[in-house]
Amino acid sequence: MAAVCILQAGVATSTLGAGVGGGGHHDCRPDTSGASSSKTAGTSSSGVKTSGFDLSNGFLRPPVIPWLPPNIVRQLSIKARRNCSNIGVAQVVAASATDRPSLDAIQALPQADVLEGQQLGSAHATAGASNFGIDTTLLSQAIAAPRNGTLPVEKARPMARATLAVHGGERTGHRNVQDALITPICQTSTYFFRDTAELIAFQEGTHTSFEYGRYGNPTTNAAEEKISALEGAESTLLSASGMCVTTTMLLALVPANGHIVTTTDCYRRTRQFIQTVLPKMGITTTVIDPADTATLQRALETKNVSLFFSESPTNPYLRCIDVELVSKLCHAHGALVCIDGTFATPVNQQALALGADLVLQSATKYLAGHNDVLAGSLSGSKKCLTPVRALHNVLGGVLDPNAAYLILRGLKTLHIRVRQQNATAIKLARTLEAHPKVVRVHYPGLESHPEHSIAKRQMSGFGGVVSFEIVGDLETTSRFIDGLRIPYIAPSLGGCESLVEQPTIISYWDQTPAERAKLGIKDNLVRFSCGIEDSEDIFHDILQSLDAL
């Protein structure tokens, strides 16, 4: 049946409507009229042979399947053909995604068709265009442009991040994929070249393509461009996990015998890498309180600091870095600034606009948003990312294209999810702060937070994570967590489901009480990541568990 579907799809593809530029629609139904197509496969409208492809109006179509088994129509019901045709078309599309006509064939197209394709932002009629990418600086124009022409630059206005989350990286690409609305998964490990001349052109930068899966993938590139649009970055690198992109960044940007500055409150595995791996290369570290800019200044003046790296907000106490001030201090001494904005997301905080050189995200969390993918992203200027990308290509922490697709899907609802999580978290933090069985609440949206004024100045929302301390010891805190019904007891954060953890047990159980105390990890500390469930249900669940203590 699968083979039959593919054959039917071949028939359907051969009868598609007149092209994109001509304004016609694409009719994917099998031609039951018995009439022959007005276009002959293998010849363009200008009479140029195209190796089995119809290039009329810049639209690429695979060759017509010349033969079908006898009685094929009678073997399939109309309903069966209709049900399988979409699958068949998808398979034909996937098979033809890398089929490109020769440059001579494209140049032989009618000039009007080429120009019209360019006006519509279509990549079908242009040679050497990126498969899925777009120039994000033109995104507003591409979205706002009328169907039959271009919009003057002066009339386009910048798009909001909510709009960029839906359209960034995807709006005007998809060359050779039959105008799919959603970016397809390009499931390939390597790419081929038509001849040596095309390969040389690729090596010299005059032909745009891909070479090997470790160096790039169309689906991954689309996700990178969407994140760049959200972060306001020139470039983004996606990697296999947040820790993968963190370690690659540190190894690439800090030279042997170099020096970095970081903060006391940070993700445990980042701390572990800085304390145990970097010293093997002679790299030393100054650790400061997130608000201690005086010690930062002394380190910059007395040591050859290459990089300042911290989270903002931090994990798990949600301390906030004054990104603008820190960036000014570091840049005055030639040091780069990288901010891990995982807890903030680009919806709540624009670290690059505040002065940071790089912003890092564990895309596993809010960006993907569904607890079903591991990934990390690093965004900034091409100059800063070039050495990181080069080392990434060597180390090989490649993101699978299926994961890139899941990130693209998740990013489309990022602003909606974060807005809901922001609203739930601030109400929860205020409720907990007034509860008699809670000692202290750590949330940058509260006036009691030590960096509330900084957070208020540089964040548009305060995030979906609330940390708080229960009245009682480790066992009492565990009973509170076990009494909750909605959240899962699990590490991570930022997904649709609420998650809760006791950091002492889930992350620091291998440390002694003295070691945990030195790191500031208390036995009664709870970290709660708000999901997108109804906020009243979350409040009721937490209060009932507190009341049961």
Side-chain angles (χ1 to χ4, degrees), residues 267-268 313 315-318 342-343 345 348 362 364-374 406 410 413-446 448-449 461-509 516 521-549:
Y267 177 52
R268 184 202 177 184
N315 181 21
Y317 287 107
L318 297 114
T342 299
F343 277 54
T345 80
N348 287 333
S362 174
T364 305
K365 312 302 192 298
Y366 288 100
L367 299 195
H370 292 76
N371 290 317
D372 56 6
V373 64
L374 288 174
L406 291 175
T413 59
L414 175 66
H415 68 290
I416 299 174
R417 291 184 283 105
V418 169
R419 184 170 56 197
Q420 169 75 6
Q421 289 159 322
N422 285 343
T424 299
I426 185 65
K427 290 175 64 178
L428 176 61
R430 289 171 178 159
T431 300
L432 290 171
E433 193 171 42
H435 200 283
K437 293 185 180 179
V438 175
V439 178
R440 186 177 180 184
V441 180
H442 305 273
Y443 187 72
L446 296 177
S448 58
H449 190 277
F462 303 110
V465 176
V466 180
S467 294
F468 52 98
E469 300 166 33
I470 297 290
V471 174
D473 55 10
L474 185 145
E475 183 180 350
T476 303
T477 306
S478 298
R479 283 194 286 112
F480 162 73
I481 288 177
D482 290 343
L484 295 171
R485 298 169 183 144
I486 290 178
Y488 292 94
I489 302 174
S492 198
L493 56 109
C496 294
E497 301 85 0
S498 290
L499 305 179
V500 66
E501 67 171 66
Q502 194 171 354
T504 290
I505 297 177
I506 206 161
S507 298
Y508 294 90
W509 194 242
R516 292 196 294 266
I521 302 300
K522 300 178 181 179
D523 288 348
N524 65 338
L525 179 66
V526 176
R527 195 187 76 179
F528 193 98
S529 172
C530 298
I532 61 171
E533 303 95 344
D534 183 82
S535 57
E536 293 300 321
D537 288 340
I538 293 176
F539 302 155
H540 180 270
D541 188 32
I542 290 177
L543 292 177
Q544 66 82 22
S545 190
L546 282 173
D547 292 342
L549 294 179

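FYI, side chains are in, hydrogens and waters are out, and symmetry mates aren't considered; it's all heavy atoms of this structure.
Going from atom CD of Glu501 over to atom OG of Ser529 covers 9.0 Å, rounded to the nearest 0.5 Å. A distance of 11.5 Å separates CG in Leu432 from NE2 in His442, rounded to the nearest 0.5 Å. How far CZ of Arg527 is from CD1 of Ile506: 8.0 Å, rounded to the nearest 0.5 Å. The distance from atom CG of Leu493 to atom CG of Asn315, rounded to the nearest 0.5 Å, is 7.0 Å. The distance from the CD atom of Glu497 to the OH atom of Tyr488 is 6.0 Å, given to the nearest 0.5 Å. Distance check: Leu446 CG to Arg430 CZ gives 7.0 Å after rounding to the nearest 0.5 Å.
Residues Ser478 and Gln502 share a closest heavy-atom pair of OG-OE1, 2.8 Å. Here the shortest heavy-atom pairing between Phe462 and Asn422 reads N-OD1, 4.0 Å. Here the closest non-hydrogen pair linking Ser535 and Thr424 is CB-OG1, 3.5 Å. Taking each heavy atom of Leu318 and His449 in turn, the nearest pair found is O-NE2, 2.6 Å. Contact record, Gln421 with Tyr366: OE1-CE2, 3.3 Å, taken as the closest heavy-atom pair. In this structure, Ala425 and Tyr443 approach most closely via the heavy-atom pair CB-OH, 3.6 Å.
A heavy-atom distance below 4.5 Å is found between the side chains of Ile505 and Leu474. Inter-residue side-chain proximity for Pro436 and Val471 is flagged as unmet; no heavy-atom pair is nearer than 4.5 Å. Taking the side chain as every heavy atom from C-beta outward, Tyr317 and Leu525 approach each other to under 4.5 Å.
Checked against salt bridge (Lys or Arg N to Asp or Glu O under 4.0 Å), Arg268 has the following partners two or more places apart in sequence or in another chain: Asp510. With sequence neighbours excluded, the residues that form a side-chain hydrogen bond (donor to acceptor under 3.5 Å, both in side chains) with Asp473 are Thr476. Applying the salt bridge (Lys or Arg N to Asp or Glu O under 4.0 Å) rule to Glu536 yields the partners Lys427; only residues at least two apart in sequence or on another chain are considered. Residues satisfying the salt bridge (Lys or Arg N to Asp or Glu O under 4.0 Å) criterion with Lys522, sequence neighbours excluded, are Glu469. Partners of Arg417 according to the salt bridge (Lys or Arg N to Asp or Glu O under 4.0 Å) rule, which considers only residues two or more places apart in sequence or in another chain, do not exist here.
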Pairs under 3.5 angstrom only: tabulate donor-acceptor contacts from the side chains of residues 538-549 to other protein residues two or more places apart or in another chain.
residue : atom : partner : partner atom : Å
Asp541  : OD1  : Arg485  : N            : 3.0
Asp541  : OD1  : Gln544  : NE2          : 2.9
Asp541  : OD2  : Arg485  : N            : 3.0
Asp541  : OD2  : Ile486  : N            : 2.9
Gln544  : NE2  : Gly483  : O            : 2.9
Gln544  : NE2  : Asp541  : O            : 3.0
Ser545  : OG   : Phe480  : O            : 2.6

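Side chains of Thr504 and Asp523: a donor-acceptor N/O pair is present below 3.5 angstrom, by distance only.
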